[in-house]
Amino acid sequence: SQPRHVSERGDGLGDAGAAATAAAASAASADADGTATSGGGARHVAEASLPVVPAGEVPVGGSLSFRAADASYALVLESPQPFETVMLQSNVPVDLLDTLGASASLSRSPADPKAGNVLLGTYHFPAHTNRLEVRLRTIEGQHGTLRAYVVTKAQPLSCTAREFPVRPLSLHERVRELPSPAPLLNELRLTGRFSASQAHSWVSFCLLDVPERLQAADEQGMLVFRSAFLGTHLQCEYREDEAIFRSDNITTISILKDTITREATARHINLKGAFAAYDESVRHVLRLVDPLLRDQVLVGKQVQLAESLRELKLQESDLSFLSPEYLDILNSADKLETARKQQPRQLERLYGVITDLFIDKFKFKGKNVKYRVPELLQRIDHYELEALIDFFEDDDAN
């Protein structure tokens, strides 16, 4: 879950699809033979291969649905035939959070970004399991493809592949309008020789729930989105030869600029950009991150306290002397333990949000401040909101 500025972007798959298919075959063969499949079978990709057949021949239903309530996705795969193995492969970072319903076991293979395998994991199933639901989370700013390679028990063995795009702004949901009163919005204005339909396709490439095409009578588009993770907003307004993007999060604007510029360049479209930024919007985003970061710190402290209270419970039969707050922590120990297991990923994600915000703020001013990232991370380790805001506004970075 590294911030996008300090991690490799994997946009090309190379031989990842073939390697994943072979690994799925190896894992399935090992399961069928009753042999071990440590590492998901990826080390044995040269030993076996299964034909990849269209989904219609071995019917495998699949969907990837965004859950705005917790800024995650639900990947659902199902088939009339029981599963042998399911391998998930992605060329961009994807956090696998948990599985729902099925008692599947997951074995992970080492990441190999150069081969297009940032994620490579294989699920193995008990008998008669024909449905898998996985909750996962993406990282904004890194886009690519999530692939599922499904091997069922149908004979002869074959592999069905399903693909799901991971968009650059994958944690944004479409909403009807900006909140009232509207936040202070940074603005990116792109101009060039392009049609409204072309601008619409750029927005569709970056975001979820965008209509397939503009209405025939429309000459412009206006769409509004909300970040389910942070609660910031994005307004997209576009027409022939002009596209305007407004957001209270500079990082959202930066991701759009990088992505659209790359897409336009590939089509030999020259774009000119004008950007208006407001430092107050940076303070606004840091204040939105503040309760999320404090919650993570609090979870860590409560888990430590819950462990001590559990030891006390073993020694004392009567705990009526404990305060209601301590009793609540003790009764919630299992939930806190679950939250603790997810905490490193969540903390890393929040560190990434702050790091990207810092770099993007100064990038639009023409300054590279990546050399200050280690110092920034130290400030977050010893977190105080006002001290962090002061660091963002430090004259040494200006």
Side-chain angles (χ1 to χ4, degrees), residues 4-5 66 68 71 140-141 143 167-211 214-215 218-264 269-289 353-354 356-367 389 392-393:
R4 73 183 201 283
H5 287 295
F66 185 52
E140 291 203 324
H143 67 279
R167 290 175 169 82
L169 292 173
S170 54
L171 300 182
H172 278 67
E173 62 170 336
R174 187 177 167 191
V175 295
R176 296 185 61 181
E177 57 189 5
L178 291 171
S180 181
L184 191 61
L185 301 175
N186 308 288
E187 180 181 288
L188 172 67
R189 186 182 300 264
L190 298 175
T191 57
R193 294 179 63 84
F194 55 84
S195 65
S197 295
Q198 179 65 69
H200 183 79
S201 72
W202 292 334
V203 175
S204 178
F205 181 81
C206 292
L207 292 142
L208 297 167
D209 198 23
V210 176
L214 284 173
Q215 297 295 327
D218 287 347
E219 296 181 355
Q220 64 179 20
M222 171 71 80
L223 298 171
V224 179
F225 301 86
R226 175 184 175 275
S227 167
F229 187 59
L230 289 180
T232 55
H233 286 78
L234 167 67
Q235 182 186 67
C236 306
E237 180 182 355
Y238 46 94
R239 58 187 66 84
E240 184 178 4
D241 296 340
E242 183 181 54
I244 305 170
F245 303 98
R246 303 181 181 94
S247 177
D248 45 341
N249 188 349
I250 285 179
T251 294
T252 300
I253 296 287
S254 178
I255 291 171
L256 277 169
K257 180 178 180 294
D258 291 348
T259 305
I260 293 176
T261 299
R262 182 167 54 248
E263 291 296 303
I269 299 174
N270 293 320
L271 296 178
K272 293 182 179 180
F275 180 68
Y278 299 94
D279 287 345
E280 176 55 36
S281 72
V282 175
R283 293 189 286 271
H284 164 70
V285 173
L286 290 175
R287 293 187 183 105
L288 291 176
V289 174
V353 167
I354 296 172
D356 284 340
L357 183 68
F358 180 69
I359 293 173
D360 289 329
K361 172 188 175 179
F362 292 102
K363 184 178 75 171
F364 279 111
K365 296 182 177 182
K367 299 181 181 295
I389 290 175
F392 269 71
E393 299 175 351

- [ ] Identify the heavy atoms of I260 and C206 that sit nearest to each other, and give their distance.
- [x] CG1-SG, 4.5 Å
Task: Closest heavy-atom pair and its distance - A277, I250 - done: CB-CD1, 4.3 Å
Open item on the list: Could you check whether any side-chain heavy atom of F245 comes within less than 4.5 Å of a side-chain heavy atom of V203, counting everything from C-beta outward?
Closed with: yes
Task: R174: partners by salt bridge (Lys or Arg N to Asp or Glu O under 4.0 Å), with sequence neighbours left out - done: none
Task: Shortest non-hydrogen contact from T252 toward L169 - done: CG2-CD1, 4.0 Å
TODO: Check for a donor-acceptor pair, side chain of S254 on one end and backbone N or O of T251 on the other, with a separation under 3.5 Å.
DONE: no
- [ ] Kindly write out the residues that satisfy side-chain hydrogen bond (donor to acceptor under 3.5 Å, both in side chains) with S281, not counting sequence neighbours, or none if the list is empty.
- [x] N186
Open item on the list: So, taking the atom named CG in L288 and the one named CG in N249, what distance separates them when rounded to the nearest 0.5 Å?
Closed with: 8.5 Å
TODO: Any chance you could measure I255, atom CD1, to D356, atom CG, to the nearest 0.5 Å?
DONE: 7.0 Å
Open item on the list: I need the S170 OG to L207 CG distance, nearest 0.5 Å.
Closed with: 9.5 Å
TODO: Kindly write out the residues that satisfy side-chain hydrogen bond (donor to acceptor under 3.5 Å, both in side chains) with S247, not counting sequence neighbours, or none if the list is empty.
DONE: none
TODO: Using atom types as modelled and distance alone, determine if a side-chain donor or acceptor of K361 lies under 3.5 Å from a backbone N or O of V282.
DONE: no
- [ ] Tell me, yes or no, whether the heavy-atom count around F364 atom CZ, taken from other residues, nucleotides or ligands under 6.0 Å, exceeds 12.
- [x] yes
Open item on the list: For L178 and Q235: C-alpha separation, side-chain torsions, deciding distance, then whether side chain to side chain contact (heavy atoms under 4.5 Å, CB included) applies.
Closed with: CA-CA 8 Å; L178 291 171; Q235 182 186 67; 3.7 Å; yes
Distance-only check: which donor-acceptor pairs under 3.5 Å involve side-chain atoms of residues 221-234, not counting sequence neighbours?
unit_1 : atom_1 : unit_2 : atom_2 : d
R226   : NH1    : E173   : OE2    : 3.3
S227   : OG     : F229   : N      : 3.4
S227   : OG     : L230   : N      : 3.1
H233   : ND1    : G231   : O      : 3.4

TODO: To the nearest 0.5 angstrom, please state how far the CG atom of D258 sits from the CD1 atom of I253.
DONE: 11.5 Å
Task: Pairs flagged by ring pair (Phe, Tyr, Trp, His ring centres under 6.0 Å) wherever residues 171-210 is involved - sequence neighbours left out - done: H143-F205, F194-W202, H200-Y238
Open item on the list: Just verifying a value: how many Å separate L271 CG and T191 OG1, rounded to the nearest 0.5 Å?
Closed with: 7.5 Å
Task: Stepwise salt bridge (Lys or Arg N to Asp or Glu O under 4.0 Å) check, K365 with D279 - done: CA-CA 11 Å; K365 296 182 177 182; D279 287 345; 3.7 Å; yes
- [ ] Kindly compute the distance separating OG1 (T261) from CG (L256), expressed to the nearest 0.5 Å.
- [x] 10.0 Å
TODO: List in chain and number order the residues that pass salt bridge (Lys or Arg N to Asp or Glu O under 4.0 Å) with E280, two or more places apart in sequence or in another chain; answer none if no residue qualifies.
DONE: R283, R287
- [ ] Would you please name every residue forming a side-chain hydrogen bond (donor to acceptor under 3.5 Å, both in side chains) with E237, sequence neighbours left out?
- [x] R239, R246
Task: Qualifying salt bridge (Lys or Arg N to Asp or Glu O under 4.0 Å) pairs, either residue in residues 188-206, two or more places apart - done: E187-R189, R189-E242
Task: Residues D209 and R167 bridged, charged N to O under 4.0 Å - done: no
